Every structure is written in structure tokens, then in C-alpha cells.
Amino acid sequence: MALDPKILEQLRQEPDMPELDLGWLGAQTAPGMAAKPGRRGLTLAEINVGDYGDAPERTDHNTIRIRGSVPSPNAVRIGYFIPNKGDIWSDNSGRIYEEAVQRQWSSATDIPWDTIKPLPDVVEEAICQICTFLTEVEFVAGDAPGRWIGQISPDHFETVLFLITQVVDEARHLDVFRKRALANGCGLLEAGGMGRALRNIMDAKDFSEMSALMHLVGEGFVQTMFRTGEFIATNEAEKTIFQLCAQDESRHVGFGVMHLRYVLEHQPERREEFHSYLDKAEELFGHPTSMNVAFQESLMITLGGGDTDKGLVMLMALQKKQVTEYLHRLKVAGMPERRERLHPGMAMFL
Amino acid sequence: MTEEMGTHTDKSDIINIPPDLWAKAEEKRWPLILIQQALARKVPAAQLHQALDSGMTGAEAMKMMTSRAAEQAPPLSMAWARVDTERGIRAKPGKKGLTLDAINIGSYGDVPEYWPGQTMQPRGAYLAPGAMSMGYSISVKAEVWADNLGSLYEEAIQRHWRPATDIPWETLSPLPEETEQAIGQLCTELCEYNYMVIVALGKWIREICYGFHEAKLFLSTVLFDAGLHLEAFRKRALANGGGLGVQSSGQRLVPIRDAQNYSEMAALVFVLNDSFVQSQCLLGAGLAQNEADARLFSLAAQDKGRHLAYGLAHLRYLLEHQPERRGEIHKYLQKGEEYLVKEFEKSAPPREALAILLGGGIREIGEGFRKLKEFRRRQVSTYLGRLESAGLDDHRERLWPPMAAYLEREPVLA
Ligand SMILES: [Fe+2]
Ligand SMILES: [Fe+2]
């Protein structure tokens, strides 16, 4: 409610009173809003009520106006934000965000580092090569969202909040794999094996392209690998690392799946465009220029427990699982036809 | 074969798959690794052609290949294990676990003044030739560095809090209407500021090269904190019957938006603005009329303390390593001060909301304005004290004059 004019008049009469406006009192869009905490505390879902909950389909004010606050005519513009909600939206970001906040972990204290015991040289080297690879690639998934965060309007802040949790998750991933490589007598080994695939993510000029390449392909494959981490791990510490990372990755992949679904539902004309992004990503698999020998060999060693024949079989099984789960995620997102259009380089693994 | 293949050894050694064999493998859908492994096990190319032509599937080939007695040494190149990186590193967890500082051992802990690469090469790893640039542009250590990055990163993770569940929201109870709206107004501005920090960090974190990963990591936690604060203050505004307030003019955000280099942004955010924001959060905690507000504002102030600790340590590092930039930093701060004062003076809502809270209600707003003067004086003097601690002790004379005016005390009446 606006301030009673009589009170305002009285206040203005007071000695030494600076000039008073007070017009902002009672200007609220939807006062009386008193969100109550639910079973999981006071979550975004609880406060997304009424006017405050509506993320507009289109936004074009280009200022930092917090959704639901009263617009100010003299507010400065900050830059150009992506106007269409559909271009960046996913219906699960608020929920994933809350989950990410609850499930943060510490690489310093949540990993049972003391369970790491000396390993045969070749196994330790293989683990360290895997860690070198992962510490290298993990943060691209932090750099890439960072670039998009600044282009998303505060009207669509839920996406921003999710992307932020991804950045901090990837920071922990970079950090935990580096720590593992330096904890047991070896060190970091060879980097630089993933050029094109990662550049594609950084090169993406459209948010959905970035999301397809990173969330669905890149992180999808990493997620499957992390979930089979118990076969790679040689001790509790490594098992815990893979488990915790897998838990984080499932949120990132989950955003990508739901974003694609949202796009296909709201902009069905973009289906072919999505296929073209997936073509671009898939063609790198099985392509000799993207064969990462260091990574594959080290996986063969760890998966086979030293027996490289067994390791090869398991590596093939892992790759098959990666492709299968990838296709399953696309199906969930509303693209079951991808199975028929899978690039031969990737279909090889099936 | 192209340069991007990404192993440092003679690639033809490892995966010299003849083009015709490769094409056939792709056509018959055999994973290339099978061909590579077969060749590594000295299976002649002609035999592989035969196998492919016979209609054998990749899976069958693999079964055949791996069921042979493994009499030879494992057919792996292992070239990656022979690279020249430092070995024998055995970092041990200490009292605070296995921290970032604990793994900075030997060459892995050497952070060079200049990092030449634009790739994602982790510090201390061997970089295979042919790795592609990822476009990182901040490669001078002094531009981002602070000696406390590692410990602040771990601290941020240990002290992470959860707005949904760590604030006793149930302790909120109805406040006088104007007081509640003043809190909503304050929260709105804090949300705006945090959104600006998010936009700014989104722009800058990805510019930092991999050699300074501690900076990338710590700043990721700052970004996360900014998200948490955005979330938490929004929740507060919507949790007790008030609602969000009026959008501010955004003047204080302009210099942050316009920063042309990282250190400029860092001085504006992590020194100037965070100093003022932290005082405001402490004030919010001090004036809180319930446990929820007290906790919310003090947790936010605690996070801000970490951001300030970085900002000041970075400023000190920068001045020590690039003393010629002192004058430049003064200018950035002055610009930030100018716009901050503009926001304080020209826009009524933030000023009046604080006066209501300081006075203790709308009817005491006059008293609130008197207290606000003292509050501003303390804010400026705390800020100057911080600059002095970072080595910028000559800023007092360069303070933007309208901000310096806040330092003048009211004449004491006889
Ligand atoms: Fe990750
Ligand atoms: Fe991820």
C-alpha cells in the first residue's frame, strides 16, 4: 500500500528533513507475497508464484531488472540479452539448481584420499593419464557456459543459476582429477588430445548448439564413463571421485535433455538444425584425427586391470554403452529418429 | 593425416591406418580402434581387408583378436607414459584435507609470470603438438593473481551454504509495512548487483588461461556465491509479505559493465563495490528483527569477506608486480566512486529504504537519515582502510570529491 499522504506531509514538515520521495513505497507489483518453506526448504519452486513466477516468452529491456521488480524508466542498459525464452530455457533448471546447491562436495575432504595405495607403475600411469585428460577437458564445460551467462536476461535467471552451478561443478572436477594425479607417486602426463570436439563447443554461436554439443554429446559420454567408474577405479578414493562427478554430470546432461525437449516443443522448426549440430559432433567419433590414443590406451589398462585384451573388450563395451545412452537421451528429449541418422563413425560402436 | 590428431609421438607409429582400410572399416562399421589394435598386433593389412570383405562384424573380429593367446607384450604404444613431466609426486592430505595448495609441489606449483599457451594444457602436463587454441587471453599472472587464491577456494567450498535450508525462514514474522518494503527494496538492489557480478564474471573467467587455474577455480566460487546471493535475496523479498521493490537506475553497475581489463573489473567489484556491499550486509544483520534476516545477511557478509580478501590481495600483488599501473587503478576506482555516489544521491529508493531501516520505521526516517550519514562515513573510511592495507595508501587524496564529502563529520553543536 502507498504511504498515507498525511504521514508524508508530516514527515516533510520535520526540521532538517531531506527531500522525500517515498513513491517507491507501495509500488510493488505483487505485495502480500509470503512464500512458505516446503519439505525441501524455501526453494525456487516455492517463490515462483503469481507474477514473480512467470518467465516471459520474450524479453527486450536489456537492463538488469530483477523479474517482478518495478521497472525504472531511467535504468541503464547492460548489453544485449537473448530475447527469446525458448532459445535458452529448460523447465528443470530451478529444480536442478536447488539440487546442485544441496549436493556440493569438497575434493579436499569428501574423498577418502588415504585409501590410495601404491599401484603397479603401468596402472598408476594409466590412472594419471586419465586424470590428465579429465582435468584438461572438464573446465571447458566451465568456460563455455560462462560465455553464455552474460547473455541471458535476468527475466530468465533460472537458466543462469543452473549454468553457474555447472561452472562450479566443473571447477571441482578440474581440481579433483588434478589432485588425484598428484597424490600417488606419478604426476600429470600427456594433454592436448581432444582438440576439435572441445573447440566445437567453444565455437558454438547459438546457445542450443552449445548445449547439444556439450550437454548431450560431450557430457553425455563423460557421464556414462563416470558411471562405469567403478571398473576404472583401483580404490575407494577413485570410486568416490567418479560417483560424485557422475552425480554432477547427470544434472548437466539433464539440463541439455530438457532444453532440447523445450526447443522441439516450442520451436519444432528447429529439429533439422539440431540434427546438423549432432552431425558435427558425431562425425568426430571414429574419425582418425580425433582418436585419442593416450586416453584409449589408459582406459584399456585400467578397465582390464592390466590385461589389455580384457581392457579392449571392456572399452568397446563402454563405447557401446556411451552411444546407447546417448541415443536414449535423445529419445527422451523427443528425437527418437536420431538412431537412424547416427553418423557411421558412431554407429560403429553399436 | 592432419596435425590435430593429438599424440606427441610419430602418429603413424600408432594409428597408421591406410586410407583404404579406414574407408572400408567405416563402411563396414568396424570401430577404428579395432583396426588400430590389429595393426599394432602385427596383423597384416591384407588380412584385415579380407576379414572386412568376408562380412565379419566388428564384434566378431574383436572376439577373435582377443581370444588369441597374449604371448606378446601388450600391444600398446605407451608413448604417453614416456613424456617428460615431473614424476614422483605424492601430495598428502593435511588438517584441511587434500587442498589445492597441498598439490602445488615441484614444477606443478611453479606459476610463471607469463603463460604462453592458449590451450587447455594443465600446468605441469606435457602438451602434444597440434593442440588447438581455445582463445584464452589473460596470460600475465599479475593481471589475475593473488597469493591466497588456493586457500580462499577451499574455504569457499567448506563454507558453502544453502539458502533453501540454512536460513530459518520460519522465524520471519510480519513487520511494519514500510519496514518490510524497505527490506524488499534493499534485496532488489542486492539482486541487481549480484546479477551484474554474474555477467561480469561470465565474461572474464573464460579469458583466464589454464596456467592460472587457481584463479579460474576461485572465481568460479565467487560466481557461485553471486548466484546464491541472487537466489537468497530474491527469496527473502518474497517470503514475508513485501515483495521486490523498484528497479534501481543501475548507475553503480556502469563502470563494472564497461571495464576493459580484468584488473579494472576486479578493483571495481572485489574492492570498491564489495566493500560497500559488505558494510550493507553487516548493517542488515545488525538491524535484523528475526533470526532469518540475521543469518541471511551475516552469511552474505561472510562470503563478501572472502571476495574482498581476494580483491585486496590481488590489488597488492598487482601493485607490487606492475607498480606502473598505480595511477591507472586510482582512475578506475575514482570512476567507480563517482557512479556509486550518483546512485546513492540521485536515486531515492536505496537512500530512503536505508533511512527507514536505520531509523527503525517510517516515522523515524528523519533520525534514519542522520544515522545514514554516519553509516556512509564509516563505509568510506572502511573502504579507505582496505585500500591502505593493499598498498594503495595514496588513494585518500584521490578519492572522488563527493565521496570524500561523506567523510566530513557533522559540526558538533555547542
Ligand atoms: Fe564435469
Ligand atoms: Fe559437466
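On a predicted model such as this, the values are computed, not experimentally measured, just so you know. Numbered from 1 within each chain, the chains take letters A, B, ... in sequence-line order.
- With a 4.5 Å cut-off on non-hydrogen atoms, B/Tyr193 does not touch chain A at all.
- Proximity to chain B (any heavy atom under 4.5 Å) is restricted, for A/Pro37, to the side chain, taken from C-beta onward.
- Contacts of A/Trp148 with chain B are absent, with no heavy-atom separation under 4.5 Å from either backbone or side chain.
- At a 4.5 Å heavy-atom cutoff, the contact between B/Glu86 and chain A is made by backbone atoms alone.
- For a residue to count as touching a neighbouring chain, one of its non-hydrogen atoms must lie under 4.5 Å from one of that chain's; by this rule B/Thr119 does not touch chain A.
- B/Glu214 does not touch chain A: none of its heavy atoms, backbone or side chain, sits under 4.5 Å away.
- Looking at B/Tyr136, the atoms closer than 4.5 Å to chain A (heavy atoms on both sides) all sit in the side chain, from C-beta outward.
- B/Lys235 has a carboxylate O that lies under 4.0 Å from a charged side-chain N of A/Glu98, or vice versa, which qualifies the two as a salt bridge.
- By the 4.0 Å N-to-carboxylate-O rule, A/Arg178 lies too far from A/Glu138 to be salt-bridged with it.
- Both the backbone and the side chain of A/Ala126 come within contact range of chain B, each with at least one heavy atom under 4.5 Å from a heavy atom of that chain.
- Between the side chain of B/Tyr108 and the backbone N or O of A/Gly187, no donor-acceptor pair lies under 3.5 Å.
- Residues B/Ile89 and B/Ile103 form no side-chain contact, since every pair of their non-hydrogen atoms from C-beta on lies 4.5 Å or further apart.
- Contact of A/Leu163 with chain B is not made at all, since no heavy-atom distance falls under 4.5 Å.
- The ring of A/Phe157 has its center no closer than 6.0 angstrom to the ring center of B/Tyr195.
- With a 4.5 angstrom heavy-atom cutoff, B/Arg363 touches chain A via backbone and side-chain atoms both.
- Taking both residues in full, the closest heavy atoms of B/Met134 and A/Met202 are given as CE-CG, 3.4 Å, listed atom of the first, atom of the second, then distance.
- If you measure heavy-atom distances from A/Leu44 to chain B, the contacts under 4.5 Å come from both the backbone and the side chain.
- Both the backbone and the side chain of A/Leu189 come within contact range of chain B, with heavy atoms under 4.5 Å apart.
- For chain B, the nearby part of A/Leu174 is the side chain; its heavy atoms alone come within less than 4.5 Å.
- When heavy atoms are compared at a cutoff of 4.5 Å, A/Leu22 approaches chain B by way of both its backbone and its side chain.
- Listed options A/Leu20, A/Val168, A/Val140 were ranked by heavy-atom pairs under 4.5 angstrom with chain B; first place goes to A/Val168.
- Of the atoms belonging to A/Ile47, heavy atoms from both backbone and side chain fall under 4.5 Å from chain B.
- At a 4.5 Å heavy-atom cutoff, the contact between B/Ala353 and chain A is made by backbone and side-chain atoms alike.
- Of the listed residues (B/Pro93, B/Gly245, B/Gly124, B/Gly227), the one with the most heavy-atom contacts under 4.5 Å to chain A is B/Gly245.
- Heavy atoms closer than 4.5 Å to chain A are found in both the backbone and the side chain of B/Arg162.
- Counting heavy-atom pairs under 4.5 Å between each of A/Gly150, A/Ala183, A/Ala347 and chain B puts A/Ala183 at the top.
- Considering only heavy atoms from C-beta on, A/Met17 stays 4.5 Å or farther from A/Arg12 through its side chain.
- Heavy-atom distances place both the backbone and the side chain of A/Glu136 under 4.5 Å from chain B.
- For the options B/His160, B/Gln121, B/Glu27, heavy-atom pairs under 4.5 Å to chain A are most numerous at B/His160.
- Heavy atoms closer than 4.5 Å to chain A are found in both the backbone and the side chain of B/Leu223.
- Within the 4.5 angstrom heavy-atom criterion, only side-chain atoms of B/Val254, from C-beta onward, approach chain A.
- Ranked by heavy-atom pairs under 4.5 Å with chain A, the first of B/Ala226, B/Pro174, B/Ser133 is B/Ser133.
- There is no side-chain donor-acceptor pair under 3.5 Å between B/Arg234 and B/Asn194.
- Ranking B/Glu154, B/Lys96, B/Arg123 against chain A, the residue ahead of the rest is B/Arg123, based on heavy-atom pairs under 4.5 Å.
- Closest of all the heavy-atom pairs between B/Ala131 and A/Gly192 is CB-CA, 4.0 Å.
- For chain B, no part of A/Phe295 is nearby; none of its heavy atoms comes within less than 4.5 Å.
- The residue among B/Lys203, B/Arg351, B/Gln185, B/Glu170 with the most heavy atom pairs within less than 4.5 Å of chain A is B/Gln185.
- In this structure B/Glu207 satisfies the salt bridge (charged side-chain N to carboxylate O under 4.0 Å, His left out) test with no other residue, sequence neighbours excluded.
- For A/Arg40, the part sitting under 4.5 Å from any heavy atom of chain B is the backbone (N, CA, C, O) and nothing else.
- Contacts of B/Ile362 with chain A are made by both backbone and side-chain atoms, with heavy-atom separations under 4.5 Å.
- Partners of A/Arg180 under the salt bridge (charged side-chain N to carboxylate O under 4.0 Å, His left out) rule, at least two apart in sequence or in another chain, are A/Glu124, A/Glu238.
- Of the listed residues (A/Ala75, A/Cys186, A/Gly311, A/Gly23), the greatest number of heavy-atom pairs within a distance under 4.5 Å of chain B belongs to A/Cys186.
- Here B/Ala239 is the residue among B/Gly250, B/Ala239, B/Ala125 with the most heavy-atom pairs under 4.5 Å with chain A.
- More than 12 heavy atoms of other residues, nucleotides or ligands sit less than 6.0 Å from atom CG of A/Asn74.
- Between B/Gln158 and A/Ser106 there is a side-chain heavy-atom pair separated by less than 4.5 Å.
- Looking at B/Trp161, the atoms closer than 4.5 Å to chain A (heavy atoms on both sides) all sit in the backbone: N, CA, C or O.
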Worked check of side-chain contact (heavy atoms from CB on, under 4.5 Å) between B/Lys216 and A/Glu170: CA-CA 11 Å; B/Lys216 261 177 143 58; A/Glu170 306 303 355; over 6 Å; no

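- Using a 4.5 Å cut-off between heavy atoms, B/Lys28 does not touch chain A at all.
- The pair B/Arg370-B/Glu367 meets the salt-bridge criterion, with a side-chain N (NZ, NE, NH1 or NH2) lying under 4.0 Å from an Asp/Glu carboxylate O.
- Ranked by heavy-atom pairs under 4.5 Å with chain B, the first of A/Gly146, A/Pro154, A/Pro145 is A/Pro154.
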Verdict with supporting geometry, B/Tyr153 and A/Asp175, side-chain contact (heavy atoms from CB on, under 4.5 Å): CA-CA 10 Å; B/Tyr153 169 70; A/Asp175 151 44; 2.9 Å; yes

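- Listed options A/Met316, A/Gln102, A/Glu125 were ranked by heavy-atom pairs under 4.5 angstrom with chain B; first place goes to A/Gln102.
- Of the listed residues A/Glu46, A/Arg147, A/Lys36, A/Arg65, the one with more heavy-atom pairs under 4.5 angstrom with chain B than any other is A/Arg65.
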Worked verdict on A/Ile66 versus B/Leu230 for side-chain contact (heavy atoms from CB on, under 4.5 Å): CA-CA 9 Å; A/Ile66 301 304; B/Leu230 169 70; 4.1 Å; yes

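- Salt bridge A/Arg172/A/Asp169: present, at least one basic N to carboxylate O contact under 4.0 Å.
- Heavy atoms closer than 4.5 Å to chain A are found nowhere in B/Ala156, neither backbone nor side chain.
- Residues B/Tyr210 and A/Asp143 have side chains in contact (heavy-atom distance under 4.5 Å, counting atoms from C-beta outward).
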